[in-house]
Every structure is written in C-alpha cells, then in structure tokens.
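Have a look at the structure below before the remarks.
Protein chains get the first letters and strands the later ones, always in sequence-line order, with residue 1 at the start of each.
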Number of protein chains: 2
Amino acid sequence: MRNRRALLIETPTERAVRSDVQRNRALLLEAAASVFSERGVDASLEEVARRAKVGIGTLYRHFPTREALLVAACDDRLLALAQQSRDYAGTPVRALARFFERIVDHASMYRGLAESFGMVLQSGSPGCHATTEEGRRLLERAQREGEVKSDISIDDVLAMTAAISIAASQSADDEKRIGRLVQMLVDGLRPRLGPSASAKPGGGGKRVISRRTRGG
Amino acid sequence: MRNRRALLIETPTERAVRSDVQRNRALLLEAAASVFSERGVDASLEEVARRAKVGIGTLYRHFPTREALLVAACDDRLLALAQQSRDYAGTPVRALARFFERIVDHASMYRGLAESFGMVLQSGSPGCHATTEEGRRLLERAQREGEVKSDISIDDVLAMTAAISIAASQSADDEKRIGRLVQMLVDGLRPRLGPSASAKPGGGGKRVISRRTRGG
DNA sequence: CCACGATACGGAGGCTTGCTCCGTTTTAAT
DNA sequence: ATTAAAACGGAGCAAGCCTCCGTATCGTGG
C-alpha cells in the first residue's frame, strides 16, 4: 500500500511514529480491502484482523469504528476518481454524467458499500473532500454555461448520486439501470426550456429559471 | 359427515386455522410495530417476542426472517398509501410528485426502514403490489398526456424513490431535502422540450424521445 | 550497546443477538 | 373424552462486537 505520510501534526516534543504502527495500519487496510471485497462491508472485523495477522485490539485501536475502517479502505480510490475526472472531455453535462457514473461504480466496489456511501462522502477524508470539490467544479462550470439550473447544490446532487448507487445495487438484475438513472438525474438538472444553441460560454449565468414552483 | 365445517374451506382435508395462530400473529405484529418505532428496524427480535409475550420460536415460525416481519409490519400503511393517492388533485405530474413524497415519508416510518425499503417494494405483499400498481397508473397517465417521457419504467422510478428515501434519511439535518430530491427526480422524468399545452388523450406512447444515448 | 519509559500489541472474556431444535402444550375434530 | 396434528416455548449454541490489561516492542538517551 501507499506510503502514507504522517498527517499534519508534528510537534517537536513528540516521538516519531513507531514502525509497527505504520506496518499494522497498512496490513489492516490491505486485509480490509480483501475481506470487504469477498464478503461485503458487513464482514466480520475479526476476520479482517485475522487476515492482517494482528489482534482484534490493534484493529480497534487504529480504526475505532467500522465506518472509520471503511472510509480508510475507500479513500485511495476516491482520490483517484477525483483526479481522473479532470481528463473528461465533452460538454460540461457529459462530463458531469461521466463523473456521476464513476462515483456509482465506485460505490459498488464492495457489496453493501452503496448504503454507507452517503456517510463516506461526509466523512471529511481526503478522498471525500477531493471528490466533493471536483463535483462542485464540474457542476458550477455547467451552471455558468447555462447547461444546468442555477439553484442546484452539489450536496443535493451528491446525495442523489449516492441514492442512485443504492438503487442500482439493490437490483443486480439490470445492468443498464445505472445508466438510465444517471441520465434521469442529469435530465433533471437541466433548465426546463432547451438550452438552444444560444448558450454562450462567455455569459455569466444565464438565468433560465425553471418556472416550476413547489407548493401547489 | 366428516368435515361439515370444511365446506367453508377450500380443501376438505385441511383443518381450520387455529385460534392461537391468529392471536399470536396479531400480537407479534403489534409488538413489532411498537419495537421498530422505538428502536428502529434493527431492534432485537427477542425484544419483539418478549413484548408480544410469545416465545422466540413462535416469532420465527410466523416470520422466518426479519424481512418477512418488517414487510408484514409495513403492509397496512402501504395499502393505505396506495388508496389515498386516488384523491390527489392537480396535474398528473403534481400527483406523481405527491405520490413519491408520500412513499418517502412512509419509508421513514421506522428508523432504518429506508435502507430496506427497496426490498419491501419487491416483496410481493398486498401493500407492495397495490403501491406498485398505483404508481404505474399515475406514471402511465402522465405519459399518455405527454407530461413524462414515454421510455421511463415504473420499476426505475420506484427504485429511485426508494433510493431517495435512503439519501434523505442519511441527512436528517435538512428537512427540505426530500422535497428537493423528489423535485429533481420529477424534473428528470419530463420531456426535454416543454409540454405542448395540448394534452392528447388519444395518442398512445408519444415518442418525445430524448436523443441522448449512452456510450460515446 | 544497553536500559528504560512510552507506546502499541494481543486475545481472553463478557455481552448481545440470531436462529434452531425438540420436548411439551394447545387445538380442532371425532 | 380421545387423539393426532399443529403450534408453542425457551434452552442452547454459534457468531460477532468491543473492552481491558498484562505483555511485548520500539525509539531514545546514556
């Protein structure tokens, strides 16, 4: 696993991080990845410890909750996902759609992950942060170009994406469902009256406001 | 002579349903409702049995899995939900939106229910069936009137609704999120170019096809 | 190189819950 | 009242979670 540099804090008076700590953390992450892959995110944590060849106490010292372990075991991939998205070509809307699809793919990395994915996205881990910010960038770009309604927030959109992940994971029978649901989401983001070719990149926020007001 | 009573029953060779069976089933459902309300759907089933004043074995005989109990404990409400929707006034799209919101509300009846709600909706129970059919009716009406794209399936839409329930349940901080997410879903259902005011009753599936194809 | 204090390790053990199995009890029919 | 089918109850075992504390390991200063 990656050589994870120490976190931020490092006061002169503190000792160096012990080597066994780093090693065990890496072993645990590796074991968690393999166990979660095989048995899903509800797998026994004792099994993870066993496979990492450390005691269960060590596991809990490193990762006080199952969620903490899960987040840590997802984070590298999430970080990579955020970085790759910078290469997406095509219209802003296309890029958004691809980004969403990648997230949904990621959320099916482990069986049962989708259900916890909303929590993962709120954990504040590096990968989570990077993904949120990348989503925000793509969304705001699309909004600036008038391709997406301006009153949409990245939080809601990511919540919807997490929701789609769950919906997709609960019906394994239909492979294409993910694509259809993402498309539904994206369609829902667009301004109601077609962005006829007049959508010029230059203009700052073309307020094409959906006339639909809730409350009826 | 043999089986006088049995005349009322389909198969002559079957005995009447024992009274304790009915009583215990009712007690269990009542207890389940109260325990799930207090402690969420992950509550201990032994607690349910205890509160119903039956043995744990009896609980498992009546409801072999937690899911079976949960479905049974939801079904009345689901049935009612399906029936109430017939009164919804307003445009087809408005009625759909309200219907979705009611479903999401229902899915938050017990803490943790949202996560299992997709499964509940596939259980084939009477309430589940009624809800699905009512959703289908509302959707197809909207589609006939050109208010919703014709290539949308009720299964996808219900899957999304269940997923929104989960997303909403995971961020309790924001009360209005449900409304916004449902609105996003509904917006995604509508044809891309505003609904021409003329509601066409005759035409079967109108082909206002969104030309968006995946791939590329 | 060694001694030592700080830190981390390991896993036994206590607890909760799930679920099964089978001797006992209740029920409906005769 | 008798009887056999059906349902009941709960002991008991398996599995998992998480804590606690005696023991082992590490980095450092002498």
Would you please confirm or rule out a distance under 4.0 Å between OP1 or OP2 of dA28(C) and any side-chain N or O of Ser19(B)?
yes

Measuring to OP1 and OP2 of dA7(D), would you say a side-chain N or O of His62(B) lies under 4.0 angstrom away?
no

Can you tell me how far C1' of dC19(C) sits from CG of Leu69(B), to the nearest Å?
14 Å

If you count every heavy atom of other residues, nucleotides or ligands that lies below 6.0 Å from Arg137(A) atom CZ, does the total exceed 12?
yes

Grab the CG-P distance between Leu59(B) and dA7(D) for me, whole Å please.
15 Å

Answer yes or no: does a side-chain N or O of Thr58(A) lie under 4.0 Å from OP1 or OP2 of dG10(C)?
yes

Starting the side chain at C-beta, find the nucleotide from dA28(C), dC26(D), dG10(C) nearest to Arg18(A).
dC26(D)

Asn24(B) side chain near dC8(D) phosphate (N/O to OP1/OP2, under 4.0 Å)
yes

Can you tell me the distance, in whole Å, between the CG atom of Leu70(A) and the P atom of dC17(D)?
13 Å

Verify whether one side chain among Asp75(B) and Ser125(B) offers a donor that lies under 3.5 Å from an acceptor in the other.
yes

Of Arg50(A) and Ile56(A), the one whose closest nucleotide on DNA chain D sits nearer the 5' end is Arg50(A)

When Arg25(B) and Arg61(A) are each assigned the nearest nucleotide of DNA chain D, the 5'-most assignment goes to Arg25(B)

Within a 6.0 Å radius of atom NE2 on His129(B), are there more than 12 heavy atoms belonging to other residues, nucleotides or ligands?
no

Is a donor from one side chain sitting under 3.5 angstrom from an acceptor on the other, for Glu134(A) and Ser85(A)?
yes

Nearest-nucleotide comparison on DNA chain C, the residue closer to the 5′ end among Asp20(B) and Pro64(B)
Pro64(B)

Quick check on dC17(D): is either OP1 or OP2 less than 4.0 Å from any side-chain nitrogen or oxygen of Ser44(A)?
yes

Give the nucleotide from the list dC26(D), dG10(C), dC9(C) with an atom nearest to the side chain of Val54(A).
dG10(C)

From the options dT28(D), dG18(C), dC9(C), select the nucleotide whose nearest atom is closest to the side chain of Ala16(A).
dT28(D)

Distance check needed: dG18(C) P versus Glu47(B) CD, whole Å only.
11 Å

Would you mind checking if Lys149(A) and Asp187(B) are paired as a salt bridge, meaning a charged N to carboxylate O distance below 4.0 Å?
yes

Closest of dT17(C), dC17(D), dC26(D) to the Arg23(A) side chain is dC26(D)

What is the distance, to the nearest angstrom, from the CG atom on Leu27(B) to the C1' atom on dC8(D)?
13 Å

If you draw a 6.0 Å radius around CG in Asp105(B), do more than 12 non-hydrogen atoms from other residues or ligands fall strictly inside?
yes

Please state how far atom CD in Glu46(A) lies from atom C1' in dT19(D), giving the value in whole angstrom units.
12 Å

I need the CZ-C1' distance between Phe63(B) and dG18(C), as an integer number of Å.
17 Å

Of the listed nucleotides dG18(C), dC18(D), dG27(D), the one nearest the side chain of Tyr60(B)
dG18(C)

Mind calculating the distance between NZ (Lys53(B)) and P (dG10(D)) to the nearest angstrom?
13 Å

